[in-house]
Amino acid sequence: MDHLPEPLQAILTNATSTYLRSTAHSQLTTHLSTIRTTIVDPYLLAPLSHLLAATLGSTTMPDFMSALVLAGILLVSLIILDYIRRFVVWWVMWWVRFIVRLVFWGSVIGVSVYVWNVGGEQAVQDAGKIWGFLMGFLEEGVAIVEGSGAGAKGKGGLSRWL
């Protein structure tokens, strides 16, 4: 208590503060033991021990340490499984990203080579034909979904696009 200021040393060495500390400690101990005997033992520990005894199929309560070891093993195994899951997800997503990038850049290079070979004007005309085909296909699908069905029957179906 040498590191405390003088007024605090005087208060802490006072008989009244010593009495209050000891009284508070004894009252706290009394209240905690009352809470343990009235609430914790009958409502928490007894049902838990009956549950563990019924689960393990024996009439005696299992050792608390063995229950803690079982919980620890469960926790460690869940942590290991989480690391395995993270690794597998990372590995799969790496391949998915790789394939998507490969397809994207392959299609960019393929379109560039096509435009280089046939020329810009022919490439725009081909893109217009493909766009028209896709829009006709979309209109046909919408007509089928809406239930009219007139697009396929009345207008010649797919032959009108080709």
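Side chains included, hydrogens not; waters and symmetry mates left out as well; all remaining heavy atoms used. Not measured: the values here are computed from a predicted model.
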- Task: Using side-chain hydrogen bond (donor to acceptor under 3.5 Å, both in side chains) as the criterion, list what pairs up with Q125, not counting sequence neighbours.
- Result: none
Name every donor-acceptor pair, under 3.5 Å, that has one atom in a side chain of residues 88-98 and the other anywhere in the protein, sequence neighbours excluded.
none

Using a 3.5 Å cut-off and no angle test, enumerate the donor-acceptor pairs between side-chain atoms of residues 72-80 and protein atoms at least two apart in sequence or in another chain.
residue, atom, partner, partner atom, Å
S77, OG, I73, O, 3.2
S77, OG, L74, O, 2.8

- Not counting sequence neighbours, which residues clear side-chain hydrogen bond (donor to acceptor under 3.5 Å, both in side chains) with D126? List them please. Y114, Q122
- Task: Please name the pair of heavy atoms, one in P47 and one in P42, separated by the smallest distance, quoted to 0.1 Å.
- Result: CD-O, 3.4 Å
- Identify, with sequence neighbours excluded, every residue that meets side chain to side chain contact (heavy atoms under 4.5 Å, CB included) alongside I99. V103
- Message: Checking A127 now: which residues fulfil side chain to side chain contact (heavy atoms under 4.5 Å, CB included) with it, not counting sequence neighbours?
- Response: none
- Residue list, side-chain hydrogen bond (donor to acceptor under 3.5 Å, both in side chains) with R85, at least two apart or on another chain: D82
- Item | Residues in side chain to side chain contact (heavy atoms under 4.5 Å, CB included) contact with V111, at least two apart in sequence or another chain | V115
- Query: Restricting to pairs with a member in residues 98-110, which pass side chain to side chain donor-acceptor pair (under 3.5 Å), not counting sequence neighbours?
  - Reply: none
- Note on the structure: Sorted by chain and number, sequence neighbours left out, side chain to side chain contact (heavy atoms under 4.5 Å, CB included) with T30 holds for T34
- Do L138 and W131 share a hydrophobic cluster (ILVMFWY, side-chain heavy atoms under 4.5 Å, transitive)? yes
